[in-house]
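Structure record follows, encoded as C-alpha cells.
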Amino acid sequence: MLFAINPSDGTPLYFQVVRHVKHLIATGRLGPGDELPTVRALAQQLVINPNTVVRAYRELEAAGLIYTRRGSGTYVAEKPVPYSDDERRRILAERLDGALVESRNLGFGLDEVVALLRERDRALRIQGKKQGEDPHDGA
C-alpha cells in the first residue's frame, strides 16, 4: 500500500494521512477487514513523527472507518461509513482543481483537457474489459 503526503502542501500531515486513507476506502483499494500499516511502519515510510500517524488513525477510528485490535493491528471497518454525495463531490472537485491547475501550467486549454479526459476514459474502459473489471470502480 503506497501512501503519499506532501510536506509543503500546507495541509496538516495527519489530515493528509486521513484524507489518503479515506480515498483508498472510497475507491475500494482498501476494503473491509484490510489491515493498515502499523503506526511505526507508516511513520517510517512517510518520514513523519509516529504521533502524527496516531492522530490520523484516531480520527479515522472516531469516524467509524477503521478499528484497532489491541496487539493485533489496525483494520478497515467491516461497514465503513460511506461518503455522502457532498463529500464525494468535494473530493472529486479537489482532485479536478489540482489537475486543472497542472494542465494550465503545462499550457493546455480546457477543450484539450476535456478531449484528453474522454480519451483516458475510453482507454480505461477498454483496459477494464480486458481485465474483466468495472473501469469505474476506482481501481
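Distance check: Ile48 CD1 to Gln16 CD gives 9.0 Å after rounding to the nearest 0.5 Å. Asp111 contributes atom CG, which lies 12.5 Å from atom CG of Leu116 (distance to the nearest 0.5 angstrom). Rounding to the nearest 0.5 Å gives a distance of 12.0 Å between CG of Leu60 and CZ of Arg55. Distance check: Arg122 CZ to Leu117 CG gives 11.0 Å after rounding to the nearest 0.5 Å.
Partner of Leu36 under the side chain to side chain contact (heavy atoms under 4.5 Å, CB included) criterion, out of Leu42, Leu24, Val17, Leu30: Leu30 alone.
Arg40 is not listed as a side-chain neighbour of Pro50, based on a closest heavy-atom distance of 4.5 Å or more. Between Glu35 and Thr74 there is no side-chain heavy-atom pair separated by less than 4.5 Å. Contact of the Lys22 side chain with the Ile25 side chain is not registered, since no non-hydrogen atoms from C-beta on lie closer than 4.5 Å.
Two different hydrophobic clusters hold Val101 and Leu106 under the rule that ILVMFWY side chains link at heavy-atom gaps under 4.5 Å. Both Ile66 and Val54 are members of a single hydrophobic cluster when ILVMFWY side chains are connected at heavy-atom separations under 4.5 Å.
Applying the salt bridge (charged side-chain N to carboxylate O under 4.0 Å, His left out) test to residues at least two apart or on different chains, the pairs with a partner in residues 90-109 are Arg19-Glu94, Glu87-Arg90, Arg90-Glu94. Judged as a ring pair (Phe, Tyr, Trp, His ring centres under 6.0 Å), not a single pair has a partner in residues 89-110 (not counting sequence neighbours). Residue pairs meeting the ring pair (Phe, Tyr, Trp, His ring centres under 6.0 Å) criterion with at least one partner in residues 24-79, sequence neighbours excluded, are Tyr67-Tyr75.
For Val76 against Gly31, the heavy-atom pair with the smallest separation is CB-O, 3.2 Å.
Applying the side chain to side chain contact (heavy atoms under 4.5 Å, CB included) test to Val114 and every residue at least two apart in sequence or in another chain returns Leu110, Arg118. Residues satisfying the salt bridge (charged side-chain N to carboxylate O under 4.0 Å, His left out) criterion with Asp86, sequence neighbours excluded, are absent altogether. Asn6 meets the side chain to side chain donor-acceptor pair (under 3.5 Å) test with Ser8; sequence neighbours excluded.
Under a 4.0 Å N-O distance rule, the pair Arg125/Asp121 qualifies as a salt bridge.
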For this session: Check the pair Arg29, Asp34 against side chain to side chain contact (heavy atoms under 4.5 Å, CB included), reporting the backbone distance first and the verdict last.
Result: CA-CA 9 Å; Arg29 287 189 229 163; Asp34 285 348; over 6 Å; no
For this session: Test side chain to side chain contact (heavy atoms under 4.5 Å, CB included) on His20 and Ile5 and set out the steps.
Result: CA-CA 8 Å; His20 191 74; Ile5 60 170; 5.9 Å; no
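Glu59 places no side-chain N or O within 3.5 Å of a backbone atom of Ala56 that could act as its donor or acceptor partner. For the pair Thr27 (side chain) and His23 (backbone), a donor-acceptor distance under 3.5 Å is present.
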